[in-house]
Amino acid sequence: QVQLVESGGGLVQAGGSLRLSCAASGRTFSNDAMGWFRQAPGREREFVASINWSGGSTYYADSVKGRFTISRDNAKNTVYLQMNSLKPEDTAVYYCARKMAIWTTSQETDYDYWGQGTQVTVSS
């Protein structure tokens, strides 16, 4: 059974930082690309960042480029999202997603498994 469990969300002031973690189980982690998506109230879920199976290729939405960093530790079956210089518009539920292929995409429909989400709130 494939599971994804996010952690690390919370309340932070604008300009602050948070690191999200997503612990994966159920199949060989290094076979899969991983992604982070987010959904703000009243908005559709949107792509944030993704990483290929080895961590050698990463992709970011323009809105977070230069502020967020995605990484993975295949020995720990975990993917991370380091979020710096947070803005109120980053407030959302953040979801970890897993794609049963080594290469990533930014398309939500390409991902096969999803976590339950973790709330990130950035106050102004």
Side-chain angles (χ1 to χ4, degrees):
Q1 180 180 2
V2 175
Q3 286 192 317
L4 299 171
V5 180
E6 302 101 332
S7 61
L11 173 64
V12 64
Q13 289 189 330
S17 298
L18 283 174
R19 188 175 83 154
L20 305 183
S21 299
C22 173
S25 62
R27 53 180 271 123
T28 303
F29 183 65
S30 59
N31 285 349
D32 296 344
M34 301 294 295
W36 287 96
F37 291 75
R38 68 186 181 186
Q39 187 168 21
R43 301 188 66 176
E44 293 187 351
R45 190 154 56 184
E46 65 176 4
F47 170 75
V48 175
S50 63
I51 189 166
N52 76 333
W53 67 280
S54 68
S57 293
T58 57
Y59 303 92
Y60 298 93
D62 287 343
S63 59
V64 307
K65 204 171 293 183
R67 300 188 298 121
F68 291 10
T69 302
I70 189 171
S71 62
R72 66 189 295 160
D73 185 337
N74 286 347
K76 295 183 178 180
N77 292 349
T78 302
V79 63
Y80 305 97
L81 185 68
Q82 177 67 44
M83 305 185 295
N84 299 330
S85 302
L86 282 160
K87 305 175 180 179
E89 52 263 43
D90 294 317
T91 295
V93 177
Y94 283 71
Y95 297 91
C96 172
R98 186 168 186 173
K99 179 174 179 288
M100 293 191 295
I102 60 175
W103 301 110
T104 72
T105 75
S106 61
Q107 299 301 313
E108 180 178 343
T109 53
D110 289 341
Y111 287 81
D112 301 290
Y113 300 99
W114 294 83
Q116 82 288 351
T118 186
Q119 177 70 48
V120 171
T121 303
V122 184
S123 63
S124 57

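In what follows, residues are counted from 1 in the order of the sequence shown.
Between the side chains of T104 and N52, no donor-acceptor pair of N or O atoms lies under 3.5 Å.
In plain terms, the two heavy atoms of R72 and A33 that are nearest each other are NH1-CA, 4.0 Å. Listed here is the closest heavy atom pair of I51 and V79: CG2-CG2, 4.1 Å. Listed here is the closest heavy atom pair of G115 and Y95: O-CD2, 3.6 Å. The shortest heavy-atom contact between A14 and S124 is CB-CA, 4.4 Å. Of all the heavy atoms in L18 and G8, the pair that sits closest is CD2-O, 3.8 Å. Residues Y111 and G35 approach most closely at CE2-N, 3.7 Å, considering heavy atoms.
With respect to K87 and D90, no salt bridge is recorded, no charged nitrogen being found less than 4.0 Å from a carboxylate O. At a threshold of 4.0 Å, the pair D110-K99 does not count as salt-bridged, since none of the basic side-chain nitrogens sits closer than that to a carboxylate oxygen.
The structure places CH2 of W36 at 13.0 Å from OG of S50, a figure rounded to the nearest 0.5 Å. Atom CG of residue L81 and atom OG1 of residue T69 lie 8.0 Å apart, to the nearest 0.5 angstrom. Taking CD from Q3 and SG from C22, the interatomic distance works out to 11.0 Å, rounded to the nearest 0.5 Å.
Cluster annotation: V93 and M83 are assigned to distinct hydrophobic clusters (Ile/Leu/Val/Met/Phe/Trp/Tyr, side-chain heavy-atom contacts under 4.5 Å, transitive). Residue I70 is grouped with residue L4 when hydrophobic side chains (ILVMFWY) are merged at heavy-atom distances under 4.5 angstrom, including chains of intermediate members. Under a hydrophobic-cluster definition in which Ile, Leu, Val, Met, Phe, Trp and Tyr are linked whenever side-chain heavy atoms come within less than 4.5 Å, directly or via other members, L20 and Y60 are assigned to the same cluster. With hydrophobic clusters built from ILVMFWY side chains whose heavy atoms lie under 4.5 angstrom apart, V12 shares a cluster with V48. Side-chain heavy atoms closer than 4.5 Å link hydrophobic residues (I, L, V, M, F, W, Y) into clusters, and following such links, even through other members, never connects V120 to Y80.
Contact of the T91 side chain with the R38 side chain is not registered, since no non-hydrogen atoms from C-beta on lie closer than 4.5 Å. Here the side chains of F29 and K76 are not in contact, with every heavy-atom distance at 4.5 Å or above.
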Residue pair F47, Y59: steps toward the ring-ring contact (aromatic ring centres under 6.0 Å, His included) verdict: CA-CA 10 Å; F47 170 75; Y59 303 92; 8.0 Å; no
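By the 6.0 Å and 45° rule, R27 does not stack over the aromatic ring of Y113.
Taking the six-membered ring for Trp and thresholds of 30 and 60 degrees, Y94 and F68 have ring planes inclined between 30 and 60 degrees apart.
Side chain of E6 to backbone of G117: a donor-acceptor contact under 3.5 angstrom is found. N74 contributes a side-chain N or O that, together with a main-chain N or O of W53, makes up a donor-acceptor pair within less than 3.5 Å.
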